[in-house]
Amino acid sequence: MEDADSKPTASVYIDGFNLYRRLLERHPEHKWLDLEALADRVLSDYHVTSVSYFTAIIKALPGKDSSSPQRQQAYLRALATSPRTQVYLGKFRIDPRIMPLHPTELDAAGVPMRVRVKKTEEKGSDVALASRLLIDAMKGEADVFVVCTNDSDLVMPMRLVKEELGRDVGLLSPMEPKRSSNELKQTGPIWHRQITPADLDACQLPDELDDAQGTIRRPVKWARNSEGPAEAEPSNRQPKPTGGVNTP
């Protein structure tokens with residue numbers, strides 16, 4: 001077995017909402033994801049020194065599962081037990097907006113009709129990821145800087161790391177390569193790898209973990225089967241997390 005010290009090092013930066021939407025949203029059995037195990041598996045030829053996870057605290061939405069925020073809090077607590085994982089939090093906003101109907105409908109005067117809606121937005125995660133990526137690359141924290149996303153908004157920081165700082169960038173895609181963002185692939189990563197459902201299935205956190213506050217349990221709705229510790233309700237008593245620190 002190859003010694004970790006003989007492998008090149010890698011720092012991993014995960015766009016949490018993009019990963020969720022592309023791979024996890026319809027597969028609750030994979031949501032209790034061990035990010036360090038996943039990074040080690042898909043980057044087995046590297047020594048992964050750090051995993052930075054960028055997300056936002058979600059809010060309960062009308063007509064949606066009101067317990068979703070509780071499950072997310074349990075997961076963030078679980079991630080905080082992973083020694084190489086750092087969680088960075090943006091903001092989740094729900095704002096009233098007036099927007100045109102789709103498909104377009106015209107009123108009696110021929111003007112497109114508009115309706116008042118609630119628009120949900122996750123703010124700040126992309127900027128935080130780009131900032132952390134650039135700072136780490138400037139400091140030379142690793143041999144390769146691996147970005148997990150399919151969001152073309154991250155093209156510029158990836159280009160800067162490669163072209164301005166002269167560092168190697170890897171692209172880790174949450175979808176099949178043929179469906180991945182062409183803009184991201186054109187940044188010139190040294191390689192482009194895909195996260196598969198088999199990777200997610202093999203990289204789940206233990207159903208129960210302990211931290212200073214007690215036991216954290218895999219949420220019932222994320223259970224892999226109908227028996228065992230996963231059927232216990234999650235423990236969710238914890239202080240509110242803050243961005244840029246390991247979530248308590």
Side-chain angles (χ1 to χ4, degrees), residues 7-25 30-31 33-56 75-76 79 82 84-91 122-197 199-200 203 243-244 246-247:
K7 297 180 180 180
T9 56
S11 292
V12 180
Y13 305 83
I14 298 176
D15 180 347
F17 272 87
N18 197 265
L19 176 65
Y20 178 83
R21 294 189 186 103
R22 298 295 183 180
L23 278 179
L24 301 176
E25 188 169 16
H30 289 158
K31 291 181 180 179
L33 183 60
D34 185 334
L35 300 179
E36 290 182 10
L38 177 68
D40 290 338
R41 177 182 169 93
V42 296
L43 305 174
S44 60
D45 47 339
Y46 289 88
H47 172 50
V48 178
T49 57
S50 65
V51 178
S52 298
Y53 180 69
F54 300 83
T55 188
Y75 181 57
L76 293 177
L79 286 183
S82 301
R84 289 175 288 157
T85 300
Q86 190 84 5
V87 176
Y88 295 86
L89 298 178
K91 300 290 185 181
E122 178 270 325
K123 303 287 288 184
S125 292
D126 287 353
V127 173
L129 192 158
S131 301
R132 184 73 269 164
L133 172 66
L134 288 166
I135 291 295
D136 289 352
M138 283 189 284
K139 293 166 66 177
E141 295 286 356
D143 296 313
V144 63
F145 298 87
V146 182
V147 180
C148 174
T149 192
N150 196 54
D151 188 347
S152 60
D153 286 348
L154 293 170
V155 163
M156 179 58 76
M158 291 176 64
R159 284 195 183 280
L160 290 173
V161 170
K162 181 177 185 294
E163 298 174 5
E164 299 293 327
L165 300 177
R167 306 292 188 185
D168 286 335
V169 177
L171 176 59
L172 190 54
S173 178
M175 56 199 312
E176 309 86 54
K178 65 181 180 181
R179 295 179 56 220
S180 300
S181 164
N182 286 326
E183 292 91 341
L184 289 172
K185 289 185 283 189
Q186 289 167 4
T187 60
I190 58 171
W191 43 253
H192 176 201
R193 300 181 186 181
Q194 176 192 357
I195 299 172
T196 67
D199 294 326
L200 301 179
C203 299
N246 218 5
T247 307

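This is a predicted model, so every value here is computed, not measured.
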How many angstroms lie between [atom1] in [X] and [atom2] in [Y], if you round to the nearest 0.5 Å?
X    : Y    : atom1 : atom2 : answer
F17  : E25  : CZ    : CD    : 10.5 Å
I195 : R41  : CD1   : CZ    : 11.0 Å
L129 : F54  : CG    : CZ    : 4.5 Å
Y53  : C148 : OH    : SG    : 10.0 Å
E141 : S50  : CD    : OG    : 7.5 Å

Any donor-acceptor pair under 3.5 Å from [X] side chain to [Y] backbone:
X    : Y    : result
S180 : E176 : yes
S82  : R84  : no
K7   : S44  : yes
D34  : C203 : no
R167 : A137 : yes

Taking only distance into account, with no hydrogens and no angle test, what donor-acceptor pairs under 3.5 Å do side-chain atoms of residues 152-165 form with protein atoms, sequence neighbours excluded?
unit_1: R159; atom_1: NH1; unit_2: E163; atom_2: OE2; d: 3.3
unit_1: R159; atom_1: NH2; unit_2: Q186; atom_2: O; d: 3.3

- Check: P8 and V144 side chains under 4.5 Å, non-hydrogen atoms: no
- Query: How about V146 and W191: do any of their side-chain heavy atoms sit closer than 4.5 Å?
  - Reply: yes
- Item | Test applied, side chain to side chain contact (heavy atoms under 4.5 Å, CB included); reference residue, L19; option that passes from T55, T149, L33, N150 | L33
- In sequence, state the C-alpha distance, the side-chain angles, and the governing distance for R193 and D199, and then conclude on salt bridge (Lys or Arg N to Asp or Glu O under 4.0 Å). CA-CA 12 Å; R193 300 181 186 181; D199 294 326; over 6 Å; no
